[in-house]
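Worksheet: one structure, shown below.
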Amino acid sequence: MNTEFAPLLIAWQRRHGRHELPWSGSREPYRVWLSEVMLQQTQVATVRAYYARFLERFPDVHALAAAPLDAVLALWAGLGYYSRARNLHACAQAVAALGGFPRTAAELEQLPGIGRSTARAIAAFCFDERLSILDGNVKRVLARLLAFEQDTAQARAQRELWALADALVPTRAADMPAYTQGLMDLGSTLCTPRQPRCGECPVAVLCQAQTQGRQAELPVKSRRLTRGRREHWWLWLERAEDQALWLQQRPAKGVWAGLWTLPLFDSEPELQALLPGQALELLPRIEHALTHFDWVLHPRRARWPQGEPELPGRWVAREELPRYGLPAPLRKLLG
DNA sequence: AACCCGGGGAC
DNA sequence: GTCCCAGGGTT
């Protein structure tokens, strides 16, 4: 098994793998790093447009390091997991100070926003380091290939999977890019969560799940989190003279960290208290699903005659909005 | 070890 | 609706 798997996967990747992605085949650390971070928990289809915009605006790590954090967040807005943007910026500055990206996974992993798997992906693609990634794709491929029965959410299972993954890497270092890409491509295009296409799989002959007909049962994942529910009232305040919006920046931690949003209130009376006696326009509720809770937002629209409300934030002119990072539901609300 | 962090694609 | 996604950071 150890010696048969990699050659089969590599040959398949070169012929049938994905070669048309914007970052395919790149060995430039900046481009590889940017793609890997954007692709964390985010699908290829979503990343494409963001990746192109980032490269255009920040062609290299020095351009990114020199940019204000707010400009990075504005460009990241809508992609989710905003700590990635903050860490991306901090990482760019660290790399610029170092004079370039480190060339080993161990060193890369010390940088902000680069964990074990991302560090190894960069090291494999750019520097041929013989260490395996372990993302969602690889966990699924390994669990099926080896009929790995443990709950992959458990720490012990993770440790074993890392060791198993490293035991499968190819002998020749120069094969690491194709091999690493092959793991991702296999998990993404054939060894899919549901209805895997085992008939086309290059390693079906080695696959214990395929032999046992248990593809649908593997991998085993336990964690089932209970989703909460939050409800807020959202004040859409427009200045009478020019329709400027009152926006406030979110704290550096928590949901929508660093993004700009309409003021949020825990109740309607709290919101109304800012505009005594004034009629509010009730807009349809917005239901926004996040990973850990469902968020119900009640937009209330009002005009502000002149001056400033007694709230944190600032007036933002309509034409200035593109320079601000707005969360996806607000972008939709404003149309 | 458990929890937090977005948004959307695919079914 | 549910599951998943080229995971990492914090507590």
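Protein chains get the first letters and strands the later ones, always in sequence-line order, with residue 1 at the start of each. Both backbone and side-chain heavy atoms feed into the values below; hydrogens, waters and symmetry mates do not.
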Exercise: do A/Thr46 and A/Gln43 side chains pair donor with acceptor under 3.5 Å: no
Can you find a side-chain donor-acceptor pair between A/Ser222 and A/Asp151 that sits under 3.5 Å? yes
Heavy-atom nearest nucleotide on DNA chain C for A/Pro112 versus A/Arg194: which residue maps closer to 5'? A/Arg194
Starting at atom CG of A/Leu161, determine the distance to atom P of C/dA6, rounded to an integer number of angstrom. 16 Å
Salt-bridge contact A/Arg14-A/Asp175 (side-chain N to carboxylate O under 4.0 Å): yes
Name the nucleic acid region contacted by A/Ser117, choosing base, sugar-phosphate or nothing; use a 4.0 angstrom heavy-atom cut-off, strictly under. sugar-phosphate
Which word best sums up how the rings of A/Tyr30 and A/Trp33 line up, parallel for under 30°, tilted for 30 to 60°, or perpendicular for over 60°? tilted
Rounded distance [0.5 Å steps], CG in A/Asp242 versus CD in A/Glu319: 8.0 Å
Just to be sure I understand the rule, does A/Glu109 reach a base, reach only the sugar-phosphate, or reach nothing, if contact means heavy atoms closer than 4.0 Å? nothing
Tell me: NZ of A/Lys221 to C1' of C/dT2, nearest whole Å? 13 Å
Spacing between A/Tyr81 atom OH and C/dA6 atom C1', to the nearest angstrom: 14 Å
Are A/Asp294 and A/Arg230 ion-paired here, with the side-chain N under 4.0 Å from a carboxylate O? no
Return the value, rounded to whole Å, for the distance between atom CG of A/Leu108 and atom P of C/dG7. 17 Å
Under 4.0 Å between a side-chain N/O of A/Arg140 and OP1 or OP2 of C/dC5, yes or no? yes
Length of the line joining A/Trp162:CH2 and C/dG8:C1', which is rounded to integer Å: 12 Å
Want to settle it: does A/Arg84 or A/Pro193 sit nearer the 5' end of DNA chain C, counting the closest nucleotide to each? A/Pro193
Looking only at side-chain N and O atoms, does A/Arg84 offer a donor or acceptor that is under 3.5 Å from a partner on A/Thr42? yes
In this structure, how many angstroms lie between the P atom of C/dG9 and the CG atom of A/Leu88, rounded? 12 Å
Side chains of A/Glu160 and A/Gln154, heavy atoms from C-beta outward: is any pair under 4.5 Å? no
If only atom types and distance count, is the side chain of A/Trp76 paired as donor or acceptor with the main-chain N or O of A/Gly80 below 3.5 Å? yes
Check this for me, if you would: do A/Arg120 and A/Glu36 make a salt bridge, where the nitrogen-to-carboxylate-oxygen distance has to be below 4.0 angstrom? no
Just to verify, what does A/Arg159 make a side-chain contact (heavy atoms from CB on, under 4.5 Å) with, not counting sequence neighbours? A/Ala155, A/Arg156
Which residues within residues 9-41 of chain A lie with some heavy atom under 4.0 Å of an atom in DNA chain B? A/Gln41
Test item: A/Leu34 and A/Val32 side chains (from C-beta on) under 4.5 Å apart, heavy atoms: no
Tell me which residues in residues 320-335 of chain A lie within less than 4.0 Å of DNA chain B, going by non-hydrogen atoms. A/Pro327, A/Ala328, A/Pro329, A/Lys332
Say whether A/Thr118 and A/Gln40, considering side chains only, have a donor N or O and an acceptor N or O under 3.5 Å apart. yes
Sticking with atom C1', work out how far C/dC5 lies from B/dC5, rounded to a whole angstrom. 14 Å
Linking I/L/V/M/F/W/Y whenever any side-chain heavy atoms sit under 4.5 Å apart, do A/Leu280 and A/Trp236 land together? no
Does a donor on one side chain and an acceptor on the other come within less than 3.5 Å for A/Gln215 and A/Gln210? yes
Same-atom distance (P) from B/dG6 to C/dT11, integer angstrom: 15 Å
DNA chain B contacts among residues 124-132 of chain A, heavy-atom distance under 4.0 Å: none
Below 4.0 Å from chain A heavy atoms, what is the first contacting nucleotide of DNA chain B and what is the last? B/dA1 to B/dC11
Taking atom types as modelled, find out whether A/Asp70 and A/Gln249 have a side-chain donor-acceptor pair closer than 3.5 angstrom. yes
I want to check one thing: is the phosphate of C/dG7, taken as OP1 and OP2, less than 4.0 Å away from some side-chain N or O of A/Thr42? no
Using a 4.0 Å heavy-atom cut-off, does A/Gly254 contact any base of the nucleic acid, only the sugar-phosphate backbone, or nothing at all? sugar-phosphate
To the nearest angstrom, the CG-P distance between A/Leu134 and C/dC5 comes to 12 Å
Rounded distance [0.5 Å steps], CZ in A/Arg323 versus CH2 in A/Trp260: 10.5 Å
With rounding to whole Å, what would you report as the distance between C/dA6 and B/dC4 at their P atoms? 24 Å
Report the residue (A/Gln43 or A/Gln154) whose heavy-atom-nearest nucleotide on DNA chain B is the more 5′ of the two. A/Gln154
Pick the P atom in B/dG8 and in C/dG9, then give their distance to the nearest Å. 24 Å
Let me know the distance between CG of A/Leu111 and C1' of C/dG9, rounded to the nearest Å. 15 Å
DNA chain B contacts made by residues 62-80 of chain A, counting heavy atoms under 4.0 Å: A/Gly78, A/Leu79, A/Gly80
Students often get this wrong, so: under 4.0 angstrom with heavy atoms, is A/Ser83 touching a base, only sugar-phosphate, or nothing? nothing
Relative to the 5' end of DNA chain B, which residue comes earlier, A/Lys253 or A/Arg156, by the nucleotide with the nearest heavy atom? A/Arg156
Group every Ile, Leu, Val, Met, Phe, Trp and Tyr by side-chain heavy-atom contacts under 4.5 Å, then state whether A/Trp234 and A/Trp304 land in the same group. no
